[in-house]
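Notes follow once the structure below has been shown.
Numbers restart at 1 for each chain; the letters A, B, ... are given by sequence-line order, proteins then strands.
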2 protein chains.
Amino acid sequence: MRIGGVAKRVSLWDAGCPVARALDVIGDWWSLLIIRDAFDGVRRFGEFQTGLGIAKGMLAARLRALTERGILETVPASDGSAYKDYVLTEKGRGLFLVIVALRQWGEDHLYGPRDPRSSLVDRETGAPVARLDLRAADGRRLAWSDTEVRKVARSRTGGS
Amino acid sequence: MRIGGVAKRVSLWDAGCPVARALDVIGDWWSLLIIRDAFDGVRRFGEFQTGLGIAKGMLAARLRALTERGILETVPASDGSAYKDYVLTEKGRGLFLVIVALRQWGEDHLYGPRDPRSSLVDRETGAPVARLDLRAADGRRLAWSDTEVRKVARSRTGGS
DNA sequence: CCAATCTGGTCCTAAATTAGAACTGGATCG
DNA sequence: CGATCCAGTTCTAATTTAGGACCAGATTGG
């Protein structure tokens, strides 16, 4: 007997691991790109749609999900029209360093020295921002091998 | 006439934006969780499979893709058996700060004060690591609104 | 050495998700 | 007021995912 599985996407929410839970919220193909555009000042449905090249149905579903999860909120359009803007909440703005970390990794490992790419700069000086680094509570720089995940209770869904 | 679309997943690779290109490589549902587990010392197929609760077919496909993309590599099993281990390459280890940024955001916004969760600590002192922060080249702390993405040439695929 | 079990996959099927295009209804513009 | 724009919704087809069954080597136990 050979019955097919149920393809319902698994949820990562019930994990003791904040990484898993974060990915449950923003770990799909489009959410972080929408959020990236929101950081760049994109606010309107149509702007997201043409900028990303995403299907309208997907975009509508993602904007709805991100709004329900408190990452975006809708406000009256800033141009005075009857439409609405999608803007980041405080929680959504908290994702800035996730975007920056992705950007720096991409710059380091996915482009050749001459490949054209955008760059994140200090608005005041125009110079590229510094690299992120991990530090101990007392300020010492830490490599990944200097750290470990302290596990909590028993959780069946995630290692860390 | 009403024909359905082709559902082939779009590629983000051809973007001038390092964020988009990074997500093209590790932006799916499972890759970052596999990488997270690899940082925690998981090396064997079966360990990933039972730890993540992922279907074996998906896991095999993801490990293959991550290996092809130079994020993981296979080495002879460390226990001397004829099997092989999956370990992070230098490129893969570069994703550590992405995981840390996701973790810190999750800790801040997805858990209540008493919800049990794992924690990343300095191995030497056992104290939680410091929060990531963004700095200018000269060391000034920067908020997201102090930065901007400087766009490059014309790229039709991504805003930043 | 042989059988049972374990490991690391592949293959198949059903269900869910995605892409793309058509359609719709209200807002705006001329 | 008619044409057009904006922001979706709806529909269909293709792809992806989840979950078992299945299978070939490696390992273990007797």
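- Counting to the nearest Å, the P atom of D:dG8 and the CD1 atom of A:I34 are 12 Å from each other.
- A straight line from CZ of A:F48 to C1' of D:dG8 spans 15 Å, rounded to a whole angstrom.
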Practice problem: With side chain to side chain contact (heavy atoms under 4.5 Å, CB included) as the test, would you mind laying out the steps for A:T89 and A:L72 before giving the verdict? | Solution: CA-CA 5 Å; A:T89 61; A:L72 296 175; 5.7 Å; no

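- If you take CD of B:E47 and P of C:dC6, they are 17 Å apart, rounded to a whole angstrom.
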Exercise. Could you go through the side chain to side chain contact (heavy atoms under 4.5 Å, CB included) check for A:L59 and A:I34 one step at a time?
Key: CA-CA 9 Å; A:L59 178 59; A:I34 292 170; 3.9 Å; yes

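- For the pair A:R9 CZ and C:dT18 C1', the interatomic distance rounds to 10 Å; values are reported in whole Å.
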Practice problem: Take A:V129 and A:V121, measure what side chain to side chain contact (heavy atoms under 4.5 Å, CB included) needs, and give me the verdict at the end. | Solution: CA-CA 5 Å; A:V129 302; A:V121 302; 5.8 Å; no

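- In this model, no donor atom of one side chain and acceptor atom of the other lie less than 3.5 Å apart for B:R103 and B:S119.
- Annotation: side chain to side chain contact (heavy atoms under 4.5 Å, CB included) contacts of B:R140 (sequence neighbours excluded): A:D122, A:E124, A:T125, B:A136, B:D138, B:L142.
- Within the structure, every pair that satisfies the side-chain hydrogen bond (donor to acceptor under 3.5 Å, both in side chains) test and touches residues 67-78 of chain A, not counting sequence neighbours, is listed here: A:S78-A:D85.
- When the P atom of D:dT15 is taken as reference, atom CE of B:M58 falls 16 Å away, rounded to whole Å.
- Going from atom CD of B:Q49 over to atom P of C:dC6 covers 14 Å, rounded to whole Å.
- Against DNA chain C, the stretch residues 59-83 of chain A makes heavy-atom approaches under 4.0 Å through A:R62, A:S81, A:A82, A:Y83.
- Atoms CD1 (B:I54) and P (C:dG9) sit 13 Å apart, rounded to a whole Å.
- Salt-bridge annotation for B:K91 and A:D108: absent, with no side-chain N of the basic residue lying under 4.0 Å from a carboxylate O of the acidic one.
- Using a 4.0 Å heavy-atom cutoff across all strands shown, B:Y86 reaches sugar-phosphate atoms only and no base atom.
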Exercise. Go through B:D14 and B:R21 one step at a time and tell me if the salt bridge (Lys or Arg N to Asp or Glu O under 4.0 Å) criterion holds.
Key: CA-CA 7 Å; B:D14 300 324; B:R21 200 173 277 197; 5.5 Å; no

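- Applying the 4.0 Å criterion to OP1 and OP2 of D:dG8, one finds that A:K84 has a side-chain N or O inside that range.
- Centroid-to-centroid, the aromatic rings of B:Y86 and B:F45 stay 6.0 Å apart or farther.
- Here B:R44 does not reach the OP1 or OP2 of C:dT7: none of its side-chain N or O atoms lies under 4.0 Å away.
- Nearest to the side chain of B:K56, among C:dG9, C:dA19, D:dT17, sits C:dG9.
- Contacts of residues 23-32 of chain A with DNA chain C (heavy atom under 4.0 Å): A:W30.
- A cation-pi contact, defined as under 6.0 Å to the ring centre and within 45° of the axis, is absent between A:R44 and A:Y83.
- The existence of a salt bridge linking B:D133 and B:R141 is confirmed by a sub-4.0 Å separation between a basic side-chain nitrogen and an acidic carboxylate oxygen.
- Other cluster members for B:V75: B:V87, joined by side-chain heavy-atom distances under 4.5 Å among Ile, Leu, Val, Met, Phe, Trp and Tyr.
- Each end of the helix from C:dC1-D:dG30 to C:dG30-D:dC1 gets its own rotation axis from five pairs of C1' atoms, and the angle between them is 30° to the nearest 10 degrees.
- Put simply, CG on B:L33 is 11 Å from P on D:dA18, counting in whole angstrom units.
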